[in-house]
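What follows is a short report on a single structure.
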Amino acid sequence: MDTRPAEDSPARESGSSDFIRSIIDSDNQNGTYQGRVHTRFPPEPNGYLHIGHAKSIVLNFGIAEEYGGKCNLRFDDTNPEKEELEYIESIQQDVRWLGFDWEDRLYYASDYFEQLYQFAERLTAKGLAYVDELSADQIRETRGTPTQAGTDSPYRERPIAENLDLLRRMRDGEFADGSRVLRARIDMAAANINLRDPIMYRIRRVHHPNTGDSWCIYPTYDWAHGQSDWIEGITHSICTLEFENHRPLYDWFLDALEATPPKRPRQIEFARLNLGYTVMSKRRLLELVREGRVSGWDDPRMPTICGMRRRGYTPEAIRSFCRAVGVSKTNSQIDLAMLEFHLREDLNKRAPRVMAVLDPLKVVIENYPEAQVEQIEAQNNPEDPAAGNRTLPFSREIYIEREDFREDPPKKFFRLAPGREVRLKHSYYITCNEVIKDPSSGEVIELRCSYDPQSRGGSTPDGRKVKGTLHWVSAPHAVEAEVRLYDRLFSVANPSDDAQREGVDYRTYLNPESLRIMQSCKVEPSLREATVGTTFQFLRHGYFCVDLQDGSAANLVFNRAVSLRDSWAKIERAEGGQR
RNA sequence: UGGGACGUCGGCAAGCGGUCAAGCCACCGGGUUUUGAUCCCGGCAUUCGGAGGUUCGAAUCCUCCCGUCCCAGCCA
């Protein structure tokens with residue numbers, strides 16, 4: 001057995017530690033599970049995975065990895081009314097994409113229906129379960145309230161033989177849906193409502209994605225979950241805080257079945273991940289999809305794994321975010337800035353740099369030869385010399401970003417303005433000589449500039465400094481693209497809470513500016529070859545991903561995953577207040 | 001008002017009776033820079049929900065109080 005002190009355990013070596021890993025360390029020291037660590041990720045296939053699930057996935061698979069254990073993927077498919085094949089498939093795809101491997105351990109709670117049923121007969125035979133004929137309403141009424149005890153069902157004292165007979169007939173389909181249930185016989189006066197004779201089986205003639213029509217009774221979560229953990233040899237059954245109240249029941253079933261260590265799972269609860277300016281409940285996410293408030297589960301504004309993937313998030317960024325967030329029992333809400341930080345951190349070292357002008361303003365370089373085109377060498381990624389170089393065409397007419405020019409520049413603005421000189425990234429210094437406006441609207445439509453032929457490459461022999469460096473795209477070579485700029489889906493941090501407090505619907509807080517589409521953007525020609533799903537850094541803008549759905553060579557579409565940090569925006573905001 | 005849990009910096013989160021209360025994000029400086037990006041350097045809780053108490057010594061132990069979350073699905 002491993003007798004190394006906790007400080008040497010894999011968890012400690014990797015620097016991460018939390019109360020769950022502490023429990024595992026102490027179990028390992030005590031030999032509770034003979035050093036075994038076996039976790040599971042148990043999604044219900046009734047929706048798509050979101051960033052909250054990612055936290056659980058990273059936790060469960062991560063712990064297994066660190067301790068040299070295993071982690072199963074198990075679909076908690078006990079309620080066929082809401083579960084679908086589509087979800088079973090998408091969940092596997094997302095877990096895999098996140099970088100985790102359940103190897104040959106893909107399980108379904110429904111794999112255990114027969115065994116669960118045998119267990120149920122066992123409890124019934126021990127007088128620990130009974131068949132109740134009260135209606136759903138009657139059961140609710142007799143359950144009592146948090147402050148007052150429930151009352152026993154008139155069927156509670158039925159003889160064991162009769163219960164067994166009735167249970168078998170329930171399984172055989174002799175009774176109508178909802179007419180009977182199997183209940184654990186615990187204590188109708190328990191302070192913990194979950195212990196007031198909880199339901200183990202209900203009759204539902206519903207087609208199950210996995211077991212088809214072979215069952216008409218289905219186990220409830222409480223009855224199925226712990227026993228499934230036990231069957232799989234799970235050691236640490238990690239779930240979220242709302243199941244804390246269920247732990248006594250989880251343990252009660254295991255006790256009733258006489259499960260003992262080293263094969264007896266232990267439930268541990270942690271706080272689920274909450275993010276601001278979005279919703280995370282499957283019900284609400286489903287609503288947004290069904291009502292067309294978003295384009296689908298993979299809309300880049302959604303907190304779903306597939307949405308984030310389409311937006312340009314990487315598995316690495318999501319994983320490091322989940323690790324950075326930590327694990328505790330404190331209900332908390334993580335700052336979106338934290339998520340964005342981890343994406344930028346990852347993409348900064350990997351995304352090729354490229355020039356894209358989102359809101360083009362034409363610049364004519366008057367002293368540049370009419371028909372000349374130069375091929376300029378440009379580094380693909382200053383953070384990664386191995387990324388190599390590419391060439392960019394430069395010509396007399398180029399586009400620059402409209403916001404990089406100000407006719408009347410504010411303080412601290414060091415981009416282009418009349419009479420000012422700036423550097424064009426990788427190429428020449430240009431000076432603005434003339435501003436051409438639309439005579440009717442007064443809008444600036446073109447800039448006439450001159451360049452310094454000595455400044456090729458971005459510096460001059462006289463060593464003079466220019467304060468601004470702009471990105472640009474050669475006009476005749478530019479490729480047109482559509483760029484989608486995303487903002488938070490909701491305009492308030494806690495849409496659901498606010499809605500409840502204000503007595504309105506959470507959809508009221510949907511952010512009308514969560515998607516801004518920029519048409520006719522001008523991007524450098526190398527992007528013509530961009531493949532779907534690739535993420536680039538648009539210099540001075542942010543990270544953009546070629547859209548999975550709508551992008552094609554003929555119709556380039558980019559999604560903004562996240563912007564670059566923008567200290568000029570901060571300065572401008574601060575200065576603006578004083579002007 | 002029953003039961004279960006949680007309250008440490010703007011947001012997370014270490015800390016488990018003993019010099020100074022980790023770290024990350026955010027924020028605020030300053031430096032480098034052909035991205036106002038990146039990178040680097042520095043700042044950022046005399047105080048741990050509050051009040052008492054135990055102790056030579058408490059965020060850590062005890063008592064009371066306050067606040068927040070979860071539970072009355074034949075959902076998970």
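The sequence lines fix the lettering, A, B, ..., with proteins before strands; numbering per chain opens at 1. Atom set for the values below is all heavy atoms of this structure, side chains included, hydrogens, waters and symmetry mates excluded. Note that the structure is a prediction, hence the values are computed from the model and not measured.
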Any A:Arg323 side-chain nitrogen or oxygen under 4.0 Å from OP1 or OP2 of B:rC24: no
Distance between C1' atoms of B:rG7 and B:rC56 (Å, rounded): 30 Å
Touch class at under 4.0 angstrom, heavy-atom based, for A:Arg180 against every strand present: nothing
Side-chain donor-acceptor contact under 3.5 Å, A:Arg185 with A:Tyr130: no
Check: A:Asn331 side chain, B:rG7 base, donor-acceptor under 3.5 Å: no
C1' spacing across the pair B:rA45 / B:rC40, given as an integer number of angstrom: 26 Å
Base-pairing assignment for B:rG52 (Watson-Crick or G-U wobble, both under 3.5 Å): B:rC62
Distance-only polar pair, side chains of A:Glu44 and A:Asn46, donor-acceptor under 3.5 Å: yes
Phosphate contact (B:rA13 OP1 or OP2) by A:Ser328 side-chain N/O below 4.0 Å: yes
Short side-chain N/O contact to B:rU38 OP1/OP2 from A:Arg344, under 4.0 Å: no
Proximity to RNA chain B (any heavy atom under 4.0 Å), residues of residues 138-148 of chain A only: A:Ile139, A:Arg140, A:Arg143, A:Gly144, A:Thr145, A:Pro146, A:Thr147
Side-chain donor/acceptor contact of A:His541 with base of B:rA37 under 3.5 Å: no
